[in-house]
Amino acid sequence: MKLEMVMNLLIFICSMFGTVYGLTEFFKKKKALYLKLVTCGVMSLMFSSLYQVIYLITQGALNKGFHIGILGIIGSFMFLFSANFGQMDSLVDDKTKAFRKTRIISLAAPLLIMLIYLFFFMNVQSTELKAVYGVVTFFIIQCAYYNFKHIIIYDVDFGIVKCLRKYNVLALIYAIMSLLEPIGLYLDMKPVYIASCVVTAIVAAAILPVLKGGVEKWTI
């Protein structure tokens, strides 16, 4: 319990820093909706980890299976997906044959995540856990596709792709860590659990400052 408390508290503190930073920097007039959506994604992670911390304090153990914190994780990926799919993808991909190869290669990211889920969660005894993280994986896959796509796609006018690559790398790392964390926890793989939580915390604190550094180089 002590380890789980430390890890969730670490993620909460780092994501709270990211949330405050995003609210301060991006929730102003004339700031792109893209930036606000990503901030909301970090905020959702913050609320998810906060729920886990409170549950550990009051109940003494993590809430296994479905719980409100899971909705926070799903929400974070919905916001990140909406930012890339709804706000950015039409600017970097005109849907012509020129980018067909990139669209196909980009499927590697969701395929990898699906394989990780299938390989590890087939060893989990709880049907509820398989179902819950199957749903979570579905949302991770959608987000990861566009993160990877916007890392490898050819640059376009205004250098948008180049400026956002570091952000998309961090978002893709977060996607993978969000799946490795429950794998490490429920399969009792402590090094995997600790590493995934620490990396998630680092990403939560760094992703919005990195995003700000990128968007300062272009204007939409």
Side-chain angles (χ1 to χ4, degrees), residues 1-24 36-82 113 116-144 170-208:
M1 190 274 285
K2 185 177 180 180
L3 174 62
E4 294 161 359
M5 174 66 80
V6 171
M7 292 296 101
N8 279 280
L9 190 57
L10 176 64
I11 294 173
F12 169 68
I13 292 172
C14 290
S15 57
M16 182 173 63
F17 166 80
T19 297
V20 173
Y21 183 92
L23 291 174
T24 302
K36 297 175 182 178
L37 288 170
V38 176
T39 300
C40 289
V42 177
M43 188 186 303
S44 294
L45 174 61
M46 179 191 72
F47 284 125
S48 175
S49 56
L50 175 61
Y51 169 83
Q52 293 283 47
V53 169
I54 293 174
Y55 199 90
L56 280 164
I57 293 173
T58 57
Q59 303 297 323
L62 285 177
N63 186 357
K64 295 183 178 180
F66 178 77
H67 52 79
I68 296 175
I70 293 294
L71 296 180
I73 297 297
I74 292 175
S76 71
F77 286 106
M78 290 180 68
F79 281 117
L80 298 184
F81 168 76
S82 296
I113 290 172
I116 291 173
Y117 168 80
L118 292 174
F119 183 80
F120 287 100
F121 271 92
M122 289 303 98
N123 295 321
V124 174
Q125 299 299 318
S126 171
T127 302
E128 182 182 1
L129 279 178
K130 290 179 181 178
V132 168
Y133 283 98
V135 173
V136 173
T137 300
F138 172 76
F139 287 96
I140 292 176
I141 282 174
Q142 295 181 77
C143 186
L170 290 178
L172 184 59
I173 291 172
Y174 167 58
I176 296 172
M177 293 303 107
S178 293
L179 190 57
L180 291 181
E181 180 183 339
I183 288 172
L185 178 63
Y186 295 118
L187 295 183
D188 198 26
M189 301 166 64
K190 288 187 178 180
V192 173
Y193 176 66
I194 294 171
S196 60
C197 288
V198 170
V199 173
T200 295
I202 293 172
V203 170
I207 196 167
L208 291 173

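A quick note: this is a predicted structure, and the numbers were derived from the prediction, not measured.
Scanning both residues, Ile113 and Ala144, for their nearest heavy atoms gives CD1-CB, 3.4 Å. Between Ser178 and Phe77 the shortest heavy-atom distance is OG-CZ, 3.4 Å. For Ser48 against Gly69, the heavy-atom pair with the smallest separation is OG-O, 2.7 Å. Closest heavy-atom contact between Phe79 and Leu37: CB-O, 3.3 Å. Considering every non-hydrogen atom in both Ser44 and Ser76, the closest pair reads CB-N, 3.5 Å.
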* Test log, rule side chain to side chain donor-acceptor pair (under 3.5 Å), inputs Ser126 and Tyr186 -> CA-CA 10 Å; Ser126 171; Tyr186 295 118; over 6 Å; no

* Mind running side-chain contact (heavy atoms from CB on, under 4.5 Å) on Tyr174 and Leu45 for me, showing each step along the way? => CA-CA 11 Å; Tyr174 167 58; Leu45 174 61; 3.8 Å; yes

* Check the pair Tyr55 / His67 against side-chain contact (heavy atoms from CB on, under 4.5 Å), numbers first and verdict last. => CA-CA 10 Å; Tyr55 199 90; His67 52 79; over 6 Å; no

* To do: Give the C-alpha distance, both sets of side-chain angles, the deciding distance and a yes or no for side-chain contact (heavy atoms from CB on, under 4.5 Å) between Glu181 and Ile73.
  => CA-CA 12 Å; Glu181 180 183 339; Ile73 297 297; over 6 Å; no

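Put simply, CG on Leu80 and CG on Leu170 are 11.0 Å apart, with the number rounded to the nearest 0.5 Å. Distance CG/Leu180 to CD1/Ile173: 11.5 Å, rounded to 0.5 Å. Rounding to the nearest 0.5 Å places CD1 of Ile13 at 11.0 Å from CG of Asn8. Interatomic distance, CD1 of Ile176 versus CD1 of Ile116, reported as 6.0 Å (0.5 Å rounding). In this structure, OH on Tyr117 lies 7.5 Å from NZ on Lys130, to the nearest 0.5 angstrom. Annotation: the span from Leu172 atom CG to Ile140 atom CD1 amounts to 11.0 Å, rounded to 0.5 Å.
Within 6.0 Å of CG on Leu118 lie more than 12 heavy atoms contributed by other residues, nucleotides or ligands. The neighbour count for Lys190 NZ, taken as heavy atoms of other residues, nucleotides or ligands under 6.0 Å away, does not exceed 12.
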Would you be so kind as to tabulate the donor-acceptor pairs closer than 3.5 Å made by side chains of residues 193-208, with sequence neighbours excluded?
from   : atom 1 : to     : atom 2 : distance (Å)
Ser196 : OG     : Val192 : O      : 2.9
Ser196 : OG     : Tyr193 : O      : 2.9
Thr200 : OG1    : Ser196 : O      : 2.8

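Partners of Met43 by side chain to side chain contact (heavy atoms under 4.5 Å, CB included), not counting sequence neighbours, listed by chain and number: Thr19, Leu23, Met46, Phe47. For Phe66, the side chain to side chain contact (heavy atoms under 4.5 Å, CB included) partners at least two apart in sequence or on another chain are Ile70, Leu71, Glu128, Val132.
Shown are Phe138, Phe121, Phe139; of these, the ring pair (Phe, Tyr, Trp, His ring centres under 6.0 Å) with Tyr133 is made only by Phe121.
A heavy-atom distance below 4.5 Å is not found between the side chains of Glu4 and Gln52.
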